[in-house]
Amino acid sequence: MQLAQLVATRSTCIREGRKVGAVLVRDKHILTTGFNGAPAGMAHCGEIGCIRDQLNIPSGTRHEICRAVHAEQNAIIQCALHEVSSKNSTIYVTHQPCTICTKILINAQVKRIVYQEPYPDDFAQKMIDEAGIKLEQWSSPQKAK
């Protein structure tokens, strides 16, 4: 999870608490990483402002109105670009996936999602359950002591 947290620092999202990082792993090998931000070569929200803030769109709604590609999406995109299969992998992500990312992770055949921060998306949870994906909230080893 520490690597996902580090990857999240590359995020270009300017909203409070929305810097997200993801790491895809299989057989103890890192496959790809991803963070949320504008598509490659396009202006970042830090340069032009946040359209979601400008339109007063509440968190957790209208995901399609945002410049950012989500961290999980970028991790899967990196698999495609580098011809790496995500089948039977685990994704470590700083925030629990939204419905859109959940659908992508299901089709990418990710078998386990480990997240740090919860995200209230009941529909995503139902899809994860139906797909048989293991969903685990990470707790730091220090918390377990």
Side-chain angles (χ1 to χ4, degrees), residues 1-55 57-141:
M1 189 59 70
Q2 288 178 325
L3 185 53
Q5 294 165 343
L6 181 62
V7 171
T9 66
R10 302 227 29 230
S11 169
T12 61
C13 183
I14 59 175
R15 289 189 120 191
E16 182 69 31
R18 291 293 176 231
K19 291 188 178 291
V20 181
V23 180
L24 269 171
V25 176
R26 186 179 53 242
D27 299 327
K28 299 182 182 181
H29 294 279
I30 296 169
L31 303 176
T32 62
T33 64
F35 56 89
N36 58 327
M42 297 185 71
H44 299 293
C45 296
E47 299 166 320
I48 62 170
C50 175
I51 190 170
R52 294 180 62 80
D53 284 345
Q54 294 163 8
L55 297 175
I57 297 171
S59 182
T61 65
R62 307 291 313 269
H63 297 295
E64 74 279 7
I65 301 176
C66 180
R67 290 187 72 78
V69 178
H70 288 188
E72 303 93 324
Q73 296 168 3
N74 273 321
I76 297 297
I77 290 165
Q78 289 301 308
C79 281
L81 288 173
H82 298 287
E83 299 178 4
V84 174
S85 174
S86 57
K87 187 175 184 175
N88 297 321
S89 64
T90 294
I91 191 164
Y92 293 87
V93 62
T94 57
H95 295 66
Q96 187 174 349
C98 69
T99 296
I100 295 168
C101 289
T102 294
K103 292 188 278 187
I104 291 169
L105 295 172
I106 290 167
N107 275 1
Q109 298 183 19
V110 171
K111 295 300 178 196
R112 181 173 167 237
I113 300 168
V114 180
Y115 68 93
Q116 183 175 357
E117 298 293 328
Y119 184 73
D121 190 331
D122 292 338
F123 188 61
Q125 181 66 53
K126 288 177 185 174
M127 295 185 81
I128 289 167
D129 292 343
E130 185 179 341
I133 294 175
K134 293 178 187 172
L135 180 68
E136 303 169 23
Q137 186 168 12
W138 178 81
S139 63
S140 71

Would you find a donor on one side and an acceptor on the other, under 3.5 Å apart, between the side chain of [X] and the backbone of [Y]?
{"X": "R26", "Y": "K87", "answer": "yes"}
{"X": "N74", "Y": "F35", "answer": "yes"}
{"X": "T99", "Y": "F123", "answer": "no"}
{"X": "Q78", "Y": "A75", "answer": "no"}
{"X": "K19", "Y": "C13", "answer": "yes"}
{"X": "N36", "Y": "V20", "answer": "yes"}

Report, as yes or no, whether the 6.0 Å neighbourhood of atom [atom1] on [X] holds more than 12 heavy atoms from other residues, nucleotides or ligands.
{"X": "D122", "atom1": "CG", "value": "no"}
{"X": "E130", "atom1": "CD", "value": "no"}
{"X": "E64", "atom1": "CD", "value": "yes"}

Just so I know, are the side chains of [X] and [Y] near enough to count as touching, which here means a heavy-atom distance under 4.5 Å?
{"X": "I106", "Y": "M127", "answer": "yes"}
{"X": "Y92", "Y": "V25", "answer": "yes"}
{"X": "K134", "Y": "I113", "answer": "no"}
{"X": "V93", "Y": "V114", "answer": "no"}

Rounded distance [0.5 Å steps], [atom1] in [X] versus [atom2] in [Y]:
{"X": "I30", "Y": "L24", "atom1": "CD1", "atom2": "CG", "result": "10.5 Å"}
{"X": "L31", "Y": "I91", "atom1": "CG", "atom2": "CD1", "result": "10.0 Å"}
{"X": "I65", "Y": "C50", "atom1": "CD1", "atom2": "SG", "result": "11.0 Å"}
{"X": "S89", "Y": "K111", "atom1": "OG", "atom2": "NZ", "result": "9.5 Å"}
{"X": "Q2", "Y": "T94", "atom1": "CD", "atom2": "OG1", "result": "13.5 Å"}
{"X": "I51", "Y": "R62", "atom1": "CD1", "atom2": "CZ", "result": "10.0 Å"}

Closest heavy-atom pair and its distance - [X], [Y]:
{"X": "A108", "Y": "I76", "value": "CB-CD1, 3.5 Å"}
{"X": "C101", "Y": "Q73", "value": "SG-NE2, 3.6 Å"}
{"X": "A8", "Y": "G21", "value": "CB-N, 3.4 Å"}
{"X": "P39", "Y": "V69", "value": "CG-CG2, 4.0 Å"}
{"X": "A124", "Y": "P97", "value": "CB-O, 3.9 Å"}

Using the test side chain to side chain contact (heavy atoms under 4.5 Å, CB included), find all partners of E47 that sit at least two apart in sequence or belong to another chain. A43, H44
Donor + acceptor pair across side chains of [X], [Y] (<3.5 Å):
{"X": "R18", "Y": "S59", "result": "yes"}
{"X": "Q137", "Y": "E117", "result": "no"}
{"X": "Q125", "Y": "D121", "result": "no"}

With H95, which residues qualify under ring-ring contact (aromatic ring centres under 6.0 Å, His included), at least two apart?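 For H95 there are no ring-ring contact (aromatic ring centres under 6.0 Å, His included) partners, ignoring immediate neighbours.
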Before you tell me yes or no, could you show the steps for Q116 and Q96 under side chain to side chain donor-acceptor pair (under 3.5 Å), namely the whole-Å CA-CA distance, both residues' side-chain angles and the distance that decides it to 0.1 Å? CA-CA 7 Å; Q116 183 175 357; Q96 187 174 349; over 6 Å; no
Parallel, tilted or perpendicular: ring planes of Y119 versus H63, cut at 30 and 60 degrees: tilted
Residues which pass salt bridge (charged side-chain N to carboxylate O under 4.0 Å, His left out) with E136, listed by chain and number, not counting sequence neighbours: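 Salt bridge (charged side-chain N to carboxylate O under 4.0 Å, His left out) check on E136 returns R112.
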